[in-house]
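Below is one structure, written out as structure tokens; comments come after it.
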Amino acid sequence: MELLSGADMLIRALQDEGVEYIYGYPGGAALHIYDALFRQDKVKHILVRHEQAAVHMADGYARATGKPGTVLVTSGPGATNTITGIATAFMDSIPMVVLCGQVASTLIGEDAFQETDMIGVSRPVVKHNMSVRRPQDIPETIRKAYYIASTGRPGPVVVDIPKDMTSPNERYEYSYPKKVKLRSYNPAVRGHAGQIKKAVDMLLAAKRPVIYAGGGVILGKASDQLTELTRRLGYPITNTLMGIGCYPATDKQHLGWLGMHGTYEANMAMHHSDLILAVGARFDDRVTNATEKFCPGARIIHIDIDPASISKTVEADVPIVGPVDAVLKEMLSLVRESKARPDAEALAAWWKQIEEWRAFHGMRYETSPDVIKPQEVIELLWKLTNGDAYVASDVGQHQMFAAQYYKFDKPNRWINSGGLGTMGFGLPAAMGVKLTHPDAEVLCITGEGSIQMNIQELSTCKQYNLPVKIINLNNQALGMVKQWQDMNYESRHSQSYMESLPDFIKLAEAYGHVGIRIDRKEDLEPKLREALAMKDRLVFVDVYVDRFEHVYPMQVARGAMKDMWLSKTERV
Amino acid sequence: MRRIISVLLENEPGALSRVVGLFSQRNYNIETLTVAPTEDETLSRLTVTTRGSDRVIEQITKQLNKLIEVVKLVDLTEGAHIERELMLVKLKATGSQRAEIKRTVDIFRGQIVDVTSSVYTVQLTGDSEKLDGFIQAVGTSGVLEVVRTGVSGIARGEKVLSL
Ligand SMILES: Cc1ncc(C[n+]2csc(CCOP(=O)(O)OP(=O)(O)O)c2C)c(N)n1
Ligand SMILES: [Mg+2]
């Protein structure tokens, strides 16, 4: 067997794990590791400009590929800078391993230079975290970290590595464990057969069914099974913000997404349904609105890999714990075998009702002859990219417009911080996607508020030639905050204006990129085309959009799913 | 309702803080908490008493189970079980009080484990209610100091919580 130092073992373990990229930033406690990185060329390291961005990059990579992302940072400030990124990944169940340097084990507890208790600090926002106590444990710890991060309900895992564990002076026998076994961690591999049978019987007997799919379908790589089952049944389907792309948005059975800014028809169908099949979704408060008023006539089948997600906020009638792909596959074969068929008459009546709802609002918005509407920018982008781009978004009104008006037909293309709602996520996430899909069109849809939270990454884009297209829906305000102030605080715009915006064009140019400003409606399409045509350049497109636009539909606070504002003046 | 949840936990540094952190993070209440190694040195046994609706208790057990270091757990209050807590109490004991305290200790099957001219130290085991009952019986005015271990519990009969 080979003898390797702790640092070399760590890098070898990453190679053996199949890690392609590490996103990171060096510092004292990580220097042995950085030296080991230097002496190899299998794993590529991407040097960001802020550790938070490294985590979002790893996150974007993971969301687009389904594979765990990897981050490497130093102790103290390097580690604490990752926390927002880790919390973002945790809320959306994104697989990732964050390797943090730590002061030498002999110094821990002495308030040494750049010492932070990263295990303690990260604990509430990780799936698991571990400290390396002996260099010889490094291969197994790494194996475990990736195993835990990527199985069951995925999530971020932090590994804390004291500097003396990676010392070049001591060498150990290296071998990478083929298997990990953890007696206390056994995620379900299939659902309960009896429950699945019961669910299928209920499904086939339903009169007003609706399928409600979440991010778990994408994480569980179950889009195909879900699509097949949905088509076979002919039932309406809606999905959460996180589930966007799990079922083709342009298909007629798709009602759009549901919840706070969901479509009228999706929220109405949910409220009036008699059976909800929830798949890999978690009945989040941004979906359910007031839980006591949630879908009063519906019985609920809930499939999820995480038992704690079932009956947490809304009681399930038929809980099924298991991986969504395996469970859906079993359901599909039971549906095929069953003599029962969906009630055609009831279903036709249900669809008639749904089509009326669909026609009633239809995601309309007011257009104007001279002001650019944010919605039309997104619709145009959808058209110009053939609906096939990867779209990473930041957080705010622009995020909702992007999700509403870009119709995603494939999973893993809509990349957004749904659970934590982290401004600053968009650009680094887009970079993580572009790095791994260099030939794909990758858009970052952002606002002038959000983009400034990680704008320094324009420099990283230059270094690694990451020609993402940044579409800044510039409404000169923290638009989403302003909308809430309009609706709930009599338009007192407390701190929601940005009165000293930089010249984004010059800024993009200063970083070595191209900047395009669009402030006239007639320029919108030609200039967007021009930007998209520059395949090998990062283009920052600063689009001046309507400053007063609101996102609709919007659920009425503390109401039922059916209670919505459909425009500034219409409430149903 | 009050519940006693008994947990087998990997005997590893940091595992306990994960359990305690979970309770505060998710706003669950902890009434008592005891933890000690078991006959298997790789495992600790932790007992927590908590209160909550059935919904909350279900979430507590599910969330505990999600912690990687939790090997197994049982809600003892779901079946017949034995619950014990140990209490040490220092009581003011002068003059006629001494005989009366002695009588009360006997009734509660406690023991006086240390004596000075003015203080008795009493040891008592039982369920939490019994310990509360003793304090009530002697009257809080005479109580100088109380220390309780928190609840430990085990199922009755053949049921065991083990690997
Ligand atoms: C890090 C962070 N801080 C604060 C917020 C609260 N917040 C949500 S949306 C928003 C405004 C975003 O402004 P902008 O990026 O310009 O997008 P717009 O809503 O104008 O489209 C704010 C401040 C947040 N989500 N994330
Ligand atoms: Mg804005």
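Lettering follows sequence order; numbering is per chain, from 1.
Under 3.5 Å, the side chains of A:Gln102 and A:Ser75 contain no donor-acceptor pair of N or O atoms.
Residue contact with chain A, scored on non-hydrogen atoms closer than 4.5 Å, involves the side chain of B:Glu58 exclusively. Interface remark: A:Asn186 contributes no atoms to any contact with chain B (heavy atom separation under 4.5 Å).
Proximity to chain A at a heavy-atom threshold of 4.5 Å picks out B:Arg18, B:Gly21, B:Gln25 from residues 18-38 of chain B, in numerical order.
Chain A forms more heavy-atom pairs under 4.5 Å with one residue of B:Val56, B:Leu8, B:Leu9, B:Thr42 than with any other, namely B:Thr42. Of the listed residues (A:Leu182, A:Ile119, A:Asn129), the greatest number of heavy-atom pairs within a distance under 4.5 Å of chain B belongs to A:Asn129. Counting heavy-atom pairs closer than 4.5 Å to chain A, the top-ranked of the candidates B:Gln63, B:Gln59, B:Glu69, B:Lys72 is B:Gln59.
Considering OG of B:Ser152 and CG of B:Leu86, their distance stands at 9.5 Å, rounded to 0.5 Å. Atom CD1 of A:Ile218 sits about 10.5 Å away from atom CG of A:Asp92, to the nearest 0.5 Å. Rounded to the nearest 0.5 Å, atoms CD1 (B:Ile68) and CE (A:Met130) are 8.5 Å apart.
A salt bridge links B:Asp75 with B:Arg3; the closest basic N to acidic carboxylate O contact falls under 4.0 Å.
The side chain to side chain contact (heavy atoms under 4.5 Å, CB included) check on A:Thr106 picks up A:Ala104, with sequence neighbours excluded.
In this structure, B:Arg98 places its CZ atom where more than 12 heavy-atom neighbours from other residues, nucleotides or ligands lie under 6.0 Å away.
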Please test A:Phe294 against A:Thr313 for side chain to side chain contact (heavy atoms under 4.5 Å, CB included), starting from the C-alpha separation and ending with a verdict. CA-CA 10 Å; A:Phe294 180 74; A:Thr313 60; over 6 Å; no
